[in-house]
Each structure stands twice: as C-alpha cells, then as structure tokens.
Amino acid sequence: MTDDDALIQAVREQVADRELPDPAGADDARVVEQLVGHPMPALLRRLYLEVANGGFGPWDVVSLTDTGDWFSDCADVAEAYRDFADPQSPLPPGIVPLMDRGCAMWALIDFKTADRQMWDGDPTLCCTEHALAPLGQSLAEWLTGRLNGTVPDGPCPRREPAGLDCPAR
C-alpha cells in the first residue's frame with residue numbers, strides 16, 4: 001500500500017456516511033486538464049476517479065463536472081477556474097480552485113509543480129492583489145493535516161503574509 005492508497009482510504013472513511021456523487025470518469029479529468037493546460041495531480045485524479053466526483057475533503061471539493069450536487073457557488077472545477085480567470089487579477093498559470101471555504105476564501109492547487117503545492121486564496125486578509133499565497137505543502141501533506149484535524153478552519157496559519165508594501169495592510 002502506498003501513502004496515496006492510505007490517504008484515499010482515509011478520505012473514503014471520512015465521507016462514508018455522506019451521500020456523494022459517483023466517481024468521475026477519466027474523460028472528465030482530461031477535460032479539466034485540457035482547460036488548465038497541465039495534468040491533474042495523480043492523488044487528486046485518483047480521489048475524483050475512485051472516491052467521488054466532488055464533495056470529499058474537509059470543505060467539500062468542487063466536482064469535475066456538474067453533478068447536480070454543488071459544493072460551492074460553482075457547478076464544477078471548470079466554472080470555478082473560469083470565474084478566477086479575471087483579466088485584471090488572473091490566477092498564476094496552473095493554479096486551480098479546489099475547495100470553496102466560504103466568505104470568498106478558497107483552497108487551490110498547483111497543477112504544474114512536481115509536488116502539487118497547495119495555495120490559499122483569502123481576500124479578507126488584505127486585498128485581492130495579495131489574496132493568493134502558497135502554503136508550502138503538497139496536496140498529500142495538506143490533506144493529511146485536514147484529516148487529522150491539525151489545521152483549524154478560518155485563515156490558513158501556514159500562508160505567507162501579504163507584502164509589507166500593501167496599502168490595505
């Protein structure tokens with residue numbers, strides 16, 4: 001059993017009593033990968049294809065496709081990704097919204113880095129220009145912390161603070 005196998009099993013156990021959509025199909029994952037322009041992290045792909053098409057995780061991961069069970073204000077990852085593609089404040093390439101944490105806060109994942117870094121999106125901490133910050137954690141590390149209850153709700157304690165030159169600070 002791999003570490004990913006253990007994480008997938010832990011997520012299955014966490015959501016066992018919840019009614020979630022059936023797992024997504026490989027074609028659904030490919031559509032998102034084409035939109036983003038990078039392959040989906042292997043662990044995330046397995047969670048979508050082996051556990052459920054959304055709704056798993058600490059704040060309910062957004063579905064790959066519109067399942068009718070919305071886990072945010074967006075029907076699916078593609079809509080969330082397009083909503084974040086604001087020309088005045090675009091996401092860095094490969095950064096994909098993953099979980100709507102409420103109050104405009106999002107957990108995001110980097111599809112392009114080797115270790116699939118997690119990012120925090122929280123405009124309530126400073127301003128929209130400094131809303132995004134890397135967490136210095138891989139998806140596996142981030143998910144493990146959430147499953148173990150070692151990371152609190154609310155602002156992410158691991159995020160880098162906004163720049164000192166931010167006028168909104």
Side-chain angles (χ1 to χ4, degrees), residues 2-4 6-8 10-11 24 26 28-65 71-74 76-148 150-163 166:
T2 67
D3 289 341
D4 285 0
L7 268 174
I8 289 167
V11 170
D28 301 325
R30 280 191 286 278
V31 167
V32 171
E33 291 170 336
Q34 286 179 316
L35 175 67
V36 175
H38 298 279
M40 187 177 300
L43 174 58
L44 183 60
R45 178 182 260 270
R46 285 189 61 195
L47 287 165
Y48 276 119
L49 274 57
E50 297 176 29
V51 177
N53 185 2
F56 57 85
W59 293 295
D60 299 341
V61 168
V62 177
S63 300
L64 286 181
T65 60
F71 300 105
S72 79
D73 290 337
C74 302
D76 55 34
V77 170
E79 182 179 340
Y81 186 74
R82 283 189 295 270
D83 283 356
F84 267 86
D86 176 357
Q88 294 183 2
S89 180
L91 285 174
I95 305 295
V96 178
L98 187 61
M99 292 183 188
D100 182 346
R101 297 176 38 225
C103 298
M105 297 182 296
W106 278 81
L108 303 97
I109 186 166
D110 191 340
F111 274 34
K112 68 181 181 348
T113 59
D115 59 356
R116 312 308 193 186
Q117 286 291 303
M118 292 300 297
W119 284 59
D120 181 51
D122 188 351
T124 66
L125 292 178
C126 182
C127 63
T128 55
E129 184 179 341
H130 295 106
L132 291 173
L135 295 179
Q137 291 179 301
S138 68
L139 172 61
E141 292 166 332
W142 181 85
L143 190 55
T144 298
R146 299 292 183 285
L147 289 169
N148 293 336
T150 57
V151 179
D153 288 341
C156 286
R158 292 188 55 113
R159 77 171 275 146
E160 295 175 8
C166 178

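Every value quoted in this text rests on a predicted model; they were computed, and no experiment measured them.
- The shortest distance between side-chain heavy atoms of R46 and M40 does not fall below 4.5 Å.
- Interatomic distance, CG of D76 versus CG of N53, reported as 8.5 Å (0.5 Å rounding).
- In terms of heavy atoms, A107 sits closest to M118 at CB-CE, 4.3 Å.
- From Q137, atom CD reaches atom CD of Q117 across 8.0 Å, with rounding to the nearest 0.5 Å.
- Within the 4.5 Å cutoff, the side chain of V96 has no heavy atoms near those of the L35 side chain.
- For the pair L44 and L98, the minimum side-chain heavy-atom distance is below 4.5 Å.
- Nearest approach of L132 to G121, heavy atoms of both residues: CD2-CA, 3.8 Å.
- Of the inter-residue distances, the one linking R30 atom CZ with L64 atom CG reads 12.0 Å to the nearest 0.5 angstrom.
- Inter-residue side-chain proximity for T65 and V31 is flagged as unmet; no heavy-atom pair is nearer than 4.5 Å.
- E141 places none of its side-chain heavy atoms less than 4.5 Å from the side chain of L135.
- Annotation: side chain of Y81 is in contact with side chain of P97 (closest heavy-atom distance under 4.5 Å).
- Annotation for G94 and V36: closest pair CA-CG1, 4.0 Å, computed over non-hydrogen atoms.
- Put simply, the side chain of D28 does not reach to within 4.5 Å of the side chain of Y48, judged on heavy atoms.
- Taken to the nearest 0.5 Å, the CD1 atom of I109 stands 9.0 Å off from the CD1 atom of I95.
- Looking at heavy atoms from C-beta onward, R116 lies out of side-chain contact with L43 at the 4.5 angstrom threshold.
- The CG atom of D3 sits 11.0 Å away from the CD1 atom of I8 when rounded to the nearest 0.5 Å.
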